[in-house]
Trainee: 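This is the structure, below, for whatever I ask next.
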Amino acid sequence: MLHLVPRSSSSSDLLEGLNDAQRTAVMHTEGPLLIIAGAGSGKTRVLTLRVAYLMQAGVHPSHILALTFTNKAAQEMKERIGHLVGEGTGARMWAGTFHSIFARILRAEAEHIGYTSGFTIYDTDDSLAAIKAVMNAMGISQQVMPPQGVRSRISSAKNAMVSWQEYVRKADSIQEKQTGQIYEEYEKRLTQSNAMDFDDLLLNTIRLFERHDDVLQKYQQRFRYLLVDEYQDTNRAQYIAVSMLAKAFRNVCVVGDDAQSIYRWRGADIRNILDFQKDYPEAVVVRLEQNYRSTKTILSAADAVIKNNRKQLAKTLWTENPEGEKITLLACRDDREEADAIVRTLRERISKSNFTYKDVAVLYRTNAQSQSLEDALRRSNLPYHIVSGVSFYKRKEVKDTLSYLRLLVNPADSESVMRVINEPTRGIGATSLQRIAEWAQQRNVAMFDALREVGMIPNVQKRTVTAVLEFVDLIDRHRALLEELSPSSLAQSYIEATGMMQQYKQLDTEESRDRWNNIDRVLSHIAETQERDDTLTLATYIEQIALLSDADDPQLGNNRVAMMTMHAAKGLEFPLVVIAGLEQGLFPLAKAELDMNEQEEERRLFYVGITRARQQLVLSYAERRYRFGELVFNRPSMFLSEIDKALFDEKSQKGSRAIEPMRASHGMDQRPESAAPVRRSYGDRGGAARGYGAIPPPSSGPAGRPKESYSQVPASESYSQEPTSSSGLRVGMRVKHPMFGVGTVAGLSGSGQQAKATVQFLNGGRKQLMVAFAKLEVI
DNA sequence: AGAGCGTCGCTTTTT
DNA sequence: GCGACGCTCT
């Protein structure tokens with residue numbers, strides 16, 4: 001053991017202050033290890049200490065690979081290990097997300113699988129654009145086949161390791177057959193563009209390992225000690241990749257908590273963690289059950305909630321922490337009132353309990369909820385930030401800039417070509433582009449190569465040819481400088497040369513100045529990144545951006561109230577946590593009300609939310625809220641009634657019926673329309689309350705803000721169910737449409753001739769139909 | 001080619 | 001309620 005370890009951490013120091021289970025986990029160095037880590041049980045501490053312990057035991061850092069789900073988790077792990085063993089030593093181990101680590105491997109080995117190392121990573125938007133392009137070329141209507149659905153079906157297939165060949169073979173419905181054809185063309189387009197989507201980063205790594213045993217062996221030898229965080233969230237592909245790497249040494253340590261599995265929708269397969277002992281019969285299992293994070297009250301609430309899930313590993317989380325404050329429930333009339341109530345509560349607590357802004361997190365189920373909360377925080381001047389790092393990179397001008405940069409590294413990237421070729425306008429119109437694209441497809445060459453030959457393509461105007469060649473030259477000219485200039489100065493002069501900045505400068509409107517600024521921010525960011533990392537290349541920069549996630553928020557350290565979805569909050573903790581929008585249909589989401597698996601996942605998500613809190617927990621719901629610009633009534637979430645009433649403070653207990661023990665009608669096995677429908681008197685007003693299958697509670701008097709038509713709702717209707725429209729349709733009914741097939745009514749709006757029904761069809765399509773015209777047959 | 005207008009779908013969660 | 005996209009007109 002020759003690498004440097006600071007004297008202060010001898011191995012006995014490392015083990016100090018650990019409980020028995022933690023110590024066992026840290027000291028287990030050889031052979032498979034499963035750590036079931038309850039929320040707040042010191043998981044990260046154990047992981048980092050274990051790595052330090054391994055290094056002290058003589059394992060070279062470069063033989064250790066840690067896989068996480070977010071860049072942030074990887075970053076944190078690296079930092080903490082750096083503290084323990086010295087930064088230089090810590091930096092020599094590989095730690096990163098599945099996607100970034102595999103991207104790194106694929107760059108090094110790209111030729112083996114027919115790529116070049118400059119391949120581009122397509123994000124969800126890029127791959128959607130590619131799918132649309134493919135569908136256009138194939139003449140498939142995007143009306144009948146929503147590209148979004150195609151994308152998600154293809155993605156699920158990839159996550160389950162189903163190739164297009166297999167998909168085509170197994171397809172039996174017309175939808176699936178068509179999806180299969182699109183899948184095939186999409187794959188071809190990706191390969192031709194020298195591009196991979198997120199899922200490919202995993203799949204191609206597996207392919208690489210399967211086809212090139214020598215390569216696999218190389219990485220098996222390098223990564224002798226594997227560590228996988230959040231193992232309950234691994235999907236099929238990730239599971240297989242880990243198994244392949246672990247095969248030689250079987251030193252694989254996985255950490256997870258089945259109660260915190262919240263990515264089933266993304267292909268996460270909880271069986272991976274449940275079956276770990278089958279895969280590795282010699283595995284040692286350690287349970288971390290002592291919680292160091294939360295008060296007894298918070299933990300009791302979390303436990304009470306998760307107990308309602310049937311599929312669960314038995315586990316008892318306990319704590320020596322004090323009882324702590326009771327839980328507060330804010331029962332509000334509408335979303336605006338909810339936001340105000342939350343702000344008021346935060347102000348109170350911050351002054352009374354010595355919290356500062358950064359001690360507080362406001363969590364919600366859907367990003368859309370951030371709007372009203374944000375407004376309220378802004379109005380009252382509470383410093384806040386929204387954790388959703390992607391939004392900046394979704395701006396048009398930012399995407400354009402990045403696309404230009406991508407072209408420099410990988411000119412074959414057709415999605416980028418299409419995006420920027422006429423940005424700023426160069427007189428290259430849609431018609432010309434289509435001709436070029438067709439020509440490219442006929443000859444099976446990448447778009448950029450077709451552009452070079454544009455002079456030979458029939459029916460392209462002389463002027464257009466000149467413009468195209470100038471564009472090609474712009475890219476080529478700067479491409480030649482890739483080796484010579486630093487990423488930052490190249491990007492600077494190149495983006496300047498594209499004319500984008502000039503275009504926005506000339507416009508000189510507030511919006512265009514904004515856009516100009518954003519481009520400038522990207523360029524400065526490159527400069528900064530380069531300063532911190534002198535090995536930076538444009539390729540690695542672009543990759544970092546592509547793999548950025550919501551949870552990777554640079555602002556998180558600042559003294560501000562944090563707002564984020566519960567998904568983004570996983571792995572974080574805050575002294576005070578507010579969970580907003582606890583309403584049936586929103587949390588749990590409407591589609592989880594009938595589907596037990598979905599419902600259990602929602603409940604786990606709630607569990608994750610609750611266990612983020614260290615000291616105080618505030619829950620809130622609104623009786624009505626705007627959704628899609630329409631007012632919607634909600635019942636309080638069933639999850640609220642699962643928490644013992646005694647855990648709430650007195651005021652909350654009095655203030656709301658929501659925490660009364662569950663009534664029979666409350667979700668679970670009941671279909672929402674099973675209660676007797678009550679006629680609504682405002683049926684002809686148009687735009688009936690299209691609830692999430694919800695009832696306005698009796699307390700809902702006229703509210704301040706809602707549209708007039710709703711403030712008049714007579715009290716007698718308070719308990720009415722989802723309105724039965726004149727057509728006799730109700731939410732949840734199964735119907736048959738002559739063209740689209742069988743589906744379920746997901747929503748109703750309007751009435752009489754204007755009545756519309758939203759129907760979720762079994763083939764995945766979702767349509768809003770005029771009840772009067774669509775021949776819907778109730779089945 | 002580009003501006004202007006209307007329609008549609010969107011909000012579940014992310015690498 | 002908004003933004004993306006497609007259509008039409010100039």
Side-chain angles (χ1 to χ4, degrees), chain A residues 67-74 96-103 121-125 127-129 132 136 142-143 146-149 152 155 158-159 196-202 230 233-235 237-238 261-268 363-372 387-390 394-396 422-433 461 463-464 467 543-552 564-570 581 585-592 598 601-602 604-606 608-609 625-632 692 747 756 758 765-768:
Chain A
L67 293 165
T68 64
F69 274 82
T70 64
N71 296 303
K72 208 193 78 231
T97 62
F98 274 95
H99 291 84
S100 69
I101 295 285
F102 288 0
I121 298 168
Y122 279 0
D123 67 16
T124 313
D125 286 351
S127 73
L128 189 63
K132 284 180 184 166
N136 274 336
Q142 304 191 5
Q143 297 284 310
Q148 196 68 255
S152 83
S155 178
K158 285 187 172 188
N159 281 324
M196 300 185 193
D197 64 22
F198 286 144
D199 307 318
D200 287 335
L201 293 174
L202 308 177
E230 310 280 14
D233 284 334
T234 49
N235 63 31
Q238 287 162 330
S261 161
I262 53 175
Y263 286 111
R264 205 175 67 99
W265 53 274
R266 205 170 90 184
L363 310 181
Y364 35 79
R365 180 63 181 85
T366 68
N367 277 311
Q369 288 167 258
S370 70
Q371 191 104 64
S372 50
V387 180
S388 60
V390 285
K394 280 200 169 140
R395 303 257 174 89
K396 180 187 183 307
N422 206 28
E423 191 65 49
T425 49
R426 300 189 167 89
I428 306 170
T431 331
S432 308
L433 276 178
Q461 304 246 305
R463 255 178 48 207
T464 314
E543 177 174 313
Q544 273 176 38
I545 300 300
L547 297 177
L548 213 62
S549 80
D550 270 13
D552 305 322
M564 68 193 93
T565 63
M566 269 165 282
H567 282 90
K570 186 150 151 218
L586 181 61
F587 193 25
L589 285 173
K591 79 167 195 182
E598 298 277 357
E601 174 135 325
E602 295 284 307
R604 290 193 293 269
L605 186 58
F606 188 39
V608 168
R625 91 171 48 239
Y626 279 90
R627 206 192 195 195
F628 297 132
E630 232 176 330
L631 191 71
V632 154
Y692 317 118
K756 281 181 266 181
T758 309
R766 196 183 173 94
K767 293 249 172 323
Q768 199 171 56

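Every chain is numbered from 1 and lettered A, B, ... according to where its sequence line falls, protein lines coming before strand lines.
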Trainee: Tell me if the side-chain of A:Trp265 makes a donor-acceptor pair with the base of B:dT13, cut-off 3.5 Å, by modelled atom types.
Mentor: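 Result: at least one qualifying N/O pair found.
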Trainee: Less than 3.5 Å between a donor and an acceptor, one on the side chain of A:Arg365 and one on the base of B:dT13, is that the case here?
Mentor: yes
Trainee: Within a strict 4.5 Å, meaning less than it, do heavy atoms of the A:Leu202 and A:Asn235 side chains meet?
Mentor: yes
Trainee: Select one nucleotide: of B:dT14, B:dT11, B:dG2, the one nearest the side-chain heavy atoms of A:Arg627.
Mentor: B:dT11
Trainee: Between the main-chain N or O of A:Asn159 and the side-chain N or O of A:Asp199, is there a donor-acceptor pair closer than 3.5 Å?
Mentor: no
Trainee: Side chain of A:Thr425 only, please: which of B:dT14, B:dG2, B:dT11 is the nearest?
Mentor: B:dG2
Trainee: Between B:dT15, B:dT12, C:dC5, which nucleotide has the shortest distance from any of its atoms to the side chain of A:Lys132?
Mentor: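 Ranking B:dT15, B:dT12, C:dC5 by closest atom to the A:Lys132 side chain puts C:dC5 first.
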Trainee: DNA chain B: A:Leu589 or A:Gly427, which has the more 5' nearest nucleotide?
Mentor: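 Counting from the 5' end, the first nearest nucleotide belongs to A:Gly427.
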Trainee: When you match A:Arg426 and A:Asp199 each to their closest nucleotide on DNA chain B, which lands nearer the 5' end?
Mentor: A:Arg426
Trainee: Is the A:Trp265 ring parallel, tilted or perpendicular to the A:Tyr263 ring (thresholds 30°, 60°)?
Mentor: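 Because their plane-to-plane angle lies in the 30° to 60° range, the rings of A:Trp265 and A:Tyr263 count as tilted.
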Trainee: Is there a donor-acceptor contact under 3.5 Å from the side chain of A:His567 to the main chain of A:Ile262?
Mentor: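 Yes, the answer is positive, given that a donor and an acceptor are paired below the 3.5 Å cut-off.
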Trainee: A:Arg266 side chain: which of B:dT15, B:dT12, B:dT13 is closest?
Mentor: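 Out of B:dT15, B:dT12, B:dT13, the nucleotide with an atom closest to A:Arg266's side chain is B:dT15.
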Trainee: Counting just side-chain N and O atoms, does A:Asn71 come under 4.0 Å of either OP1 or OP2 of B:dT15?
Mentor: no
